[in-house]
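Naming convention: chains lettered A, B, ... in sequence-line order (proteins, then strands); numbering from 1 in each chain. The figures here come from the full heavy-atom set of this structure, side chains too, leaving out hydrogens, waters and symmetry mates. The model shown is predicted, which means the values in this text are computed figures rather than measured ones.
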Number of protein chains: 2
Amino acid sequence: MKLLEDMITRYGKIGDGGVLKVDGFLNHQIDVGLVDRLGEEFYRIFGDCDITKILTVEASGIGIACLTARYFRVPVLFAKKSKTVNLSGDVYSAPVFSFTHKKNYEIVVSKEFLTAGDRVLIIDDFLAMGSSIEGLRSIIQSAGAALAGAGIVIEKAFQPGGAKLRSEGVRIESLARIAELNPKTGVVFAK
Amino acid sequence: MKLLEDMITRYGKIGDGGVLKVDGFLNHQIDVGLVDRLGEEFYRIFGDCDITKILTVEASGIGIACLTARYFRVPVLFAKKSKTVNLSGDVYSAPVFSFTHKKNYEIVVSKEFLTAGDRVLIIDDFLAMGSSIEGLRSIIQSAGAALAGAGIVIEKAFQPGGAKLRSEGVRIESLARIAELNPKTGVVFAK
């Protein structure tokens with residue numbers, strides 16, 4: 001998506017260790033007009049898939065998921081990163097390894113809100129190693145629900161998550177696919 | 001706001017220790033159509049305040065803030081609960097005590113995205129003791145920005161946060177104000 005690639009080129013910053021910082025418009029400050037356009041694009045791609053629920057993980061996926069869900073007219077469900085006293089009853093859980101924070105954590109979803117009749121679209125800001133998508137897929141499977149696909153804003157195509165998930169039959173649609181993060185020459189997008 | 005009060009009456013659950021669970025439509029599963037209406041209402045209230053930025057705290061404030069910001073056509077900035085490697089450069093920080101999780105944590109905002117020219121609207125899901133609003137206010141003050149007010153979805157009016165902040169001159173507008181959470185008779189709204 002050209003608009004998104006232009007934003008990444010203009011405002012993205014390449015940090016140490018292959019980190020792409022997009023905290024100016026995506027995951028700290030949120031350019032709501034831009035993200036609304038991303039949501040519209042996800043609807044163009046997945047709008048005929050009979051989606052009943054959009055699933056994401058806190059925190060940076062939530063805004064994108066909500067602005068996308070307006071187009072689908074379905075609820076958002078966001079997995080929480082720890083079990084809190086405000087999550088009632090039984091939960092589905094799955095382990096996720098965060099390469100950003102270099103630690104394992106559990107993501108949890110209340111069983112009450114994900115059921116066998118659901119057709120789920122996963123929305124997330126980044127796809128790199130694929131750990132959080134795998135965790136969400138595991139939760140969807142535990143609920144007996146169907147995974148219609150995953151809409152990703154930025155895929156680091158030089159990392160193996162996207163290829164692995166696609167080889168396992170998951171439909172992954174990324175609005176920007178990055179082939180290389182070069183501290184000298186900048187962001188190179190995949191063809 | 002009658003629509004919101006009806007949702008709380010119908011789907012809210014009163015838990016132990018004065019907890020009101022609204023995870024079916026507000027802070028785990030999100031009824032995006034409802035929250036979009038809440039955003040429209042915040043715009044009706046604060047639309048003439050020359051807001052330049054909407055500030056919230058991860059995670060449950062983010063969806064509400066994004067759907068509200070669409071009406072204002074301004075960016076959302078969400079304070080993070082810990083300093084991560086993806087937050088670049090200097091940050092403003094403030095301590096917040098979570099009565100839900102019974103622990104202290106720091107909230108941080110990158111200095112890059114909050115400046116002296118900003119007129120800030122705080123958006124959050126709950127107001128009870130007021131600790132997170134106080135933390136956000138402290139960050140706004142540190143940036144030299146102006147706090148235009150706080151738009152709250154659910155205020156627990158039987159707890160002191162709202163009264164304290166109002167007495168200190170903060171404009172607080174809550175869409176539902178709860179006078180009592182009675183495990184036997186249910187939710188009683190303030191007049």
Exercise. What part of B:V74 gets closer than 4.5 Å to chain A, counting heavy atoms only: side chain, backbone, both or neither?
Worked result: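 Contact with chain A involves the backbone of B:V74 alone.
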
Exercise. Got a sec, which residues hit salt bridge (charged side-chain N to carboxylate O under 4.0 Å, His left out) with A:E180, two or more places apart in sequence or on another chain?
Worked result: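 A:E180 satisfies salt bridge (charged side-chain N to carboxylate O under 4.0 Å, His left out) with no residue once adjacent residues are dropped.
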
For this session: Using a heavy-atom cutoff of under 4.5 Å, enumerate the residues of residues 47-65 of chain B that contact chain A, numbered in order, or state 'none'.
Result: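 Interface residues of residues 47-65 of chain B: B:K53, B:E58, B:A59, B:S60, B:I62, B:G63.
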
For this session: Could you tell me which of B:A79, B:G33, B:G15, B:G24 has the largest number of non-hydrogen atom pairs under 4.5 Å with chain A?
Result: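 Among B:A79, B:G33, B:G15, B:G24, the one with the most close pairs to chain A is B:G24.
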
Problem set entry | Over all atoms of both residues, closest heavy-atom pair of B:I30 and A:C66 |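 Closest approach of B:I30 to A:C66, heavy atoms only: CD1-SG, 3.7 Å.
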
Exercise. Do you know the tightest heavy-atom contact between A:N27 and B:K80?
Worked result: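 The answer is O-NZ, 3.0 Å.
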
Problem set entry | Any residue of residues 117-139 of chain A which, by heavy atoms, sits under 4.5 Å from chain B |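 At a heavy-atom separation under 4.5 Å, chain B is reached by no residue of residues 117-139 of chain A.
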
Exercise. Counting distance only, does the side-chain N/O of B:H28 pair as donor-acceptor with the main-chain N or O of A:L77 below 3.5 Å?
Worked result: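 The answer is no, because no donor-acceptor pair under 3.5 Å joins these two groups.
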
Problem set entry | ring-ring contact (aromatic ring centres under 6.0 Å, His included) pairs, two or more places apart, involving residues 35-67 of chain A |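 ring-ring contact (aromatic ring centres under 6.0 Å, His included) check on residues 35-67 of chain A returns A:Y43-A:F72.
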
For this session: Consider only side-chain heavy atoms of I, L, V, M, F, W and Y, link residues closer than 4.5 Å, and tell whether A:V188 and A:I14 are in one cluster.
Result: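 They do not share one cluster, since no chain of ILVMFWY contacts under 4.5 Å joins A:V188 to A:I14.
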
Exercise. Taking atom CZ of B:R171 as the centre, does the number of heavy atoms from other residues, nucleotides or ligands within less than 6.0 Å exceed 12?
Worked result: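 Enclosed: over 12 neighbouring heavy atoms sit under 6.0 Å from CZ of B:R171.
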
